[in-house]
2 protein chains.
Amino acid sequence: MARTQGSRADITGPLIRDAARSLFARHGYAAVSMRQIAQAVGVQAGTLYAYTADKQALLADLLSDHMTLLLESWQDDPAAAVTARLDAFVRFHIDTSLDHADGVFLSYMELRSLTPDNHARIAALRRRYENGLQNILDDGVAAGVLRVDDTRLATMALIAMLTGVTNWYRSGGRLDRQALYRHYGALVRGAVGA
Amino acid sequence: MARTQGSRADITGPLIRDAARSLFARHGYAAVSMRQIAQAVGVQAGTLYAYTADKQALLADLLSDHMTLLLESWQDDPAAAVTARLDAFVRFHIDTSLDHADGVFLSYMELRSLTPDNHARIAALRRRYENGLQNILDDGVAAGVLRVDDTRLATMALIAMLTGVTNWYRSGGRLDRQALYRHYGALVRGAVGA
DNA sequence: GTCTATATCAAGATAGAC
DNA sequence: GTCTATCTTGATATAGAC
C-alpha cells in the first residue's frame with residue numbers, strides 16, 4: 001500500500017469512491033475514518049481532500065450516484081403484461097441488490113447520516129424508484145390481474161423483502177441466482193395474487 | 001438536565017439503557033458518544049462507567065436482552081392450525097417491530113459493531129427466533145397446507161418484509177395497526193400459498 | 001453513586017513543500 | 001496531485017474527591 005509521490009489522478013478518484021463505499025457499508029459511515037479510506041487506497045489522508053470537499057460530500061455523492069444508476073438502469077415497459085413487468089422488477093431488484101450490494105445497503109442505512117438537504121435530495125430519488133414498482137401494482141389492480149388491498153404498503157413490503165436477500169445470500173452457496181429469481185418471483189406473485 | 005450530586009441508582013441504570021438504545025438506533029452505535037448518552041440521562045460521562053464496563057458491553061447487553069425478550073414473548077402452538085400460527089407470527093412480529101422498534105433495528109443493524117464473540121452469541125439468538133417461523137412453514141408444507149419451494153429462503157424473505165414496516169409506518173397516519181395485520185397478513189398468506 | 005478533572009488517543013480538516 | 005506536518009476538536013476511559 002505504500003505510495004511514493006506521483007500523480008495518478010485518473011484512477012485515484014474512483015479508488016477513493018470504491019474504498020469509501022465498501023468501508024461505509026461494512027462498518028458504517030460514522031465508524032470509518034478518512035485515514036482508513038486513505039490507507040485502503042494507498043494515499044495519505046490529506047490527499048482525499050483534493051477529491052472531496054469533506055466526508056459528508058463523499059457519502060452524499062456515493063448515494064446520489066447509486067440512486068441515479070438505479071433509476072437510469074431500470075426500464076419498465078408499460079405496454080407489456082403486468083406479470084411480465086413484475087417479474088422483470090424482481091429480477092432487476094435482485095440483480096441490483098447483489099451486484100451493487102454496498103450501494104443498496106448505504107442508500108437504505110446511511111440516509112440518517114446525511115445533512116437535511118442531502119437527505120431530502122436522496123430520499124426523493126429513492127421515492128421515484130419505489131414508485132416504479134407501485135405503478136406496476138396499480139396497473140395490475142386496475143386491470144384486474146392483481147389483488148392488492150393497498151399498493152403503497154405492498155410496494156414497501158415487497159422492496160423490503162427483495163432487498164433482504166443481501167442479509168443472507170452468499171454466492172457459491174446452496175442457491176444460484178436463477179433459483180433466487182424463481183423463489184422470490186413465486187413469493188412476490190403469490191403475495192399480490194398474480 | 002443539570003444534576004446535583006445524589007444517588008439515584010435504582011433509576012439511573014434503566015435510564016442509561018433507554019437513552020443508549022434510542023440514540024444508537026437513531027444515529028448508529030459509532031456515531032453516538034458516551035457524553036451524548038450521559039447528557040440525555042442527566043449525569044456526567046464518568047458516571048456511566050459505574051453501570052457498564054465500556055461502550056461495547058452496553059451495546060451487547062441491549063441486543064442480548066432484546067433477543068431474549070423476543071424469544072420469551074413469542075408462544076407458538078404447534079397443535080394449532082398452520083394458518084392460525086402464521087397469522088399469530090405476523091401479528092407478533094409487527095407488534096414487536098413497532099413496540100420495540102429501536103431494539104429490532106439495533107438487532108439487525110448493529111451486529112456488525114459487536115466484537116466477534118458477542119456477535120456470535122447474538123446471531124445465534126436471532127437464528128433461534130427465525131427458526132420459529134421456519135418451523136411453521138415446514139409444518140405447513142408437510143401438511144400440504146402451504147406451497148413453499150424453499151422454507152429457509154421464505155423465512156428470511158418474510159421476516160425482512162415484516163420488519164420493513166418500521167421503515168415507513170408512522171402511528172397516527174393513514175393506517176391503524178389492525179389494517180397492518182390485515183394487509184401484511186394477506187401478503188404473507190398469498191406468498192406461501194395459504 | 002456521582003462529580004470534577006484529566007490522561008490518552010484519534011478524529012476531520014488545512015497549509016505548504018515538492 | 002500528493003506528501004508531510006500540524007491545528008483543533010472531541011472521543012473513551014480512569015482517578016480521586018465528596
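Everything numeric here is computed off the predicted structure, so don't read it as measured data. In what follows, every chain begins at residue 1, and chains take the letters A, B, ... in the order their sequences are listed. No hydrogens, no waters, no symmetry mates; every other heavy atom, side chains included, goes into these values.
Base engagement by A:Thr47 is indicated by at least one non-hydrogen atom pair under 4.0 Å involving a base atom.
No hydrogens or angles considered: nothing links the side chains of A:Gln44 and A:Thr47 as a donor-acceptor pair under 3.5 Å. Using modelled atom types, one finds no donor on one side chain facing an acceptor on the other under 3.5 Å when comparing A:Asp87 with A:Tyr181.
Atom P of nucleotide C:dG12 and atom CD of A:Gln39 are separated by 13 Å, given to the nearest angstrom. What separates CG of B:Leu23 from P of D:dA11 is a distance of 12 Å, to the nearest Å. Between the NZ atom of B:Lys55 and the C1' atom of C:dA10 there is a distance of 13 Å, rounded to whole Å. At whole-Å resolution of the value, CD in A:Gln44 and P in C:dG12 are 15 Å apart. For the pair B:Ile11 CD1 and C:dT2 C1', the interatomic distance rounds to 13 Å; values are reported in whole Å. The interatomic distance linking B:Ile37 (CD1) with D:dA11 (P) rounds to 11 Å, in whole Å. In this structure, CG of A:Leu15 is placed 10 Å from P of D:dT2, rounded to the nearest angstrom. Distance CZ (A:Arg35) to C1' (D:dC7): 11 Å, rounded to an integer number of Å.
Taking side-chain N and O atoms only, B:Ser33 has no distance below 4.0 Å to OP1 or OP2 of D:dG10. Using a 4.0 Å cut-off, no side-chain N or O of B:Thr12 falls inside it from OP1 or OP2 of C:dG1. Contact annotation: B:Tyr49 side-chain N/O to D:dA13 OP1/OP2 distance is under 4.0 Å.
For an aromatic pair to be called close, the ring centres must be under 6.0 Å apart, and B:His93 with B:Tyr129 satisfies this.
Looking only at distances, a side-chain donor or acceptor of B:Arg112 sits under 3.5 Å from a matching main-chain atom of A:Ala25.
Residue B:Tyr51 places its side chain closer to C:dG1 than to any other of C:dG12, D:dA13, C:dG1.
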